[in-house]
Amino acid sequence: MEERNKIDAEDIKTNHHAHYHTQSKEVINRLARAIGHLQKVKAMVEEGEDCSEVLIQLAAVKSALNGTGKVILKDHIEHCIVHAIKEGDQKELEELNKAIDLFIK
């Protein structure tokens, strides 16, 4: 199943229009914070911290990543999908559906 996800993710990357996103800086900042948080969780495991605390922090990282995904999705809909609809680009809508399926798993 992992191989199928890689193929689907590769298919999604083949876009036929320019991407314009207003939230790129916010997304980059959110990702940087999530990376820092995840590194702290890794350190907790290396230091033998309590498993319950590690799980709580992992849940926080997952929540941060999901929030980042929501920002990306909203931005994509507001710009790329609106453009695709105006251009009659059905493929872009299909790619969005694939991306949502992968994101929600």
Side-chain angles (χ1 to χ4, degrees):
M1 184 178 301
E2 187 173 308
E3 182 64 29
R4 189 188 66 123
N5 288 348
K6 287 180 184 175
I7 293 169
D8 289 345
E10 281 300 315
D11 290 343
I12 291 166
K13 290 179 186 176
T14 58
N15 296 324
H16 303 294
H17 70 277
H19 277 76
Y20 169 73
H21 298 285
T22 60
Q23 301 301 319
S24 293
K25 186 170 176 61
E26 179 183 354
V27 167
I28 290 166
N29 290 339
R30 284 172 171 258
L31 289 172
R33 283 193 304 272
I35 289 167
H37 197 160
L38 188 56
Q39 288 172 333
K40 289 177 185 175
V41 174
K42 180 180 178 245
M44 289 175 70
V45 172
E46 291 170 343
E47 295 166 6
E49 294 284 332
D50 180 68
C51 295
S52 296
E53 287 300 315
V54 170
L55 290 171
I56 290 167
Q57 294 306 313
L58 276 176
V61 171
K62 286 172 52 177
S63 178
L65 290 174
N66 283 336
T68 304
K70 288 177 189 177
V71 171
I72 292 170
L73 180 59
K74 286 179 182 180
D75 205 29
H76 184 60
I77 289 169
E78 290 172 1
H79 298 97
C80 301
I81 298 304
V82 168
H83 176 76
I85 290 169
K86 287 179 183 176
E87 297 294 318
D89 184 356
Q90 187 64 32
K91 184 170 181 177
E92 185 67 28
L93 296 175
E94 292 167 7
E95 290 173 355
L96 173 62
N97 283 326
K98 287 180 187 179
I100 289 171
D101 286 345
L102 290 171
F103 180 69
I104 292 178
K105 281 188 178 184

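- We find the CG-SG distance between L96 and C80 to be 9.5 Å, quoted to the nearest 0.5 Å.
- Judged by distance alone, the side chains of H76 and E92 do bring a donor and an acceptor atom under 3.5 Å apart.
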- Decide yes or no on side chain to side chain donor-acceptor pair (under 3.5 Å) for H79 and Q23, but give the supporting numbers first. CA-CA 11 Å; H79 298 97; Q23 301 301 319; over 6 Å; no
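- Taken to the nearest 0.5 Å, the CD atom of E94 stands 5.0 Å off from the CD atom of Q90.
- Note on L93: it clusters hydrophobically with I104, by side-chain heavy-atom contacts below 4.5 Å among ILVMFWY residues.
- Screening residues 54-64 for side-chain hydrogen bond (donor to acceptor under 3.5 Å, both in side chains), with sequence neighbours left out, gives H37-Q57.
- Sorted by first and then second residue, the salt bridge (charged side-chain N to carboxylate O under 4.0 Å, His left out) pairs involving residues 41-61 (not counting sequence neighbours) are K42-E46.
- Put simply, I100 and I85 are part of the same group of oily side chains (I, L, V, M, F, W, Y) that touch within less than 4.5 Å, one to the next.
- For the side chain to side chain contact (heavy atoms under 4.5 Å, CB included) test with T68, the passing option among N29, L31, L73 is L31; the others fail.
- Judged by distance alone, with hydrogens and angles left aside, the side-chain atoms of D89 form no donor-acceptor pair with the main-chain N or O of H83 at under 3.5 Å.
- Separation of atoms CD1 (I35) and NZ (K40) is listed at 13.0 Å; rounding is to 0.5 Å.
- Annotation: the span from E26 atom CD to I72 atom CD1 amounts to 10.0 Å, rounded to 0.5 Å.
- Of the inter-residue distances, the one linking L65 atom CG with F103 atom CZ reads 8.5 Å to the nearest 0.5 angstrom.
- The minimum heavy-atom distance between V61 and L38, with the atom names listed, is CG2-N, 4.0 Å.
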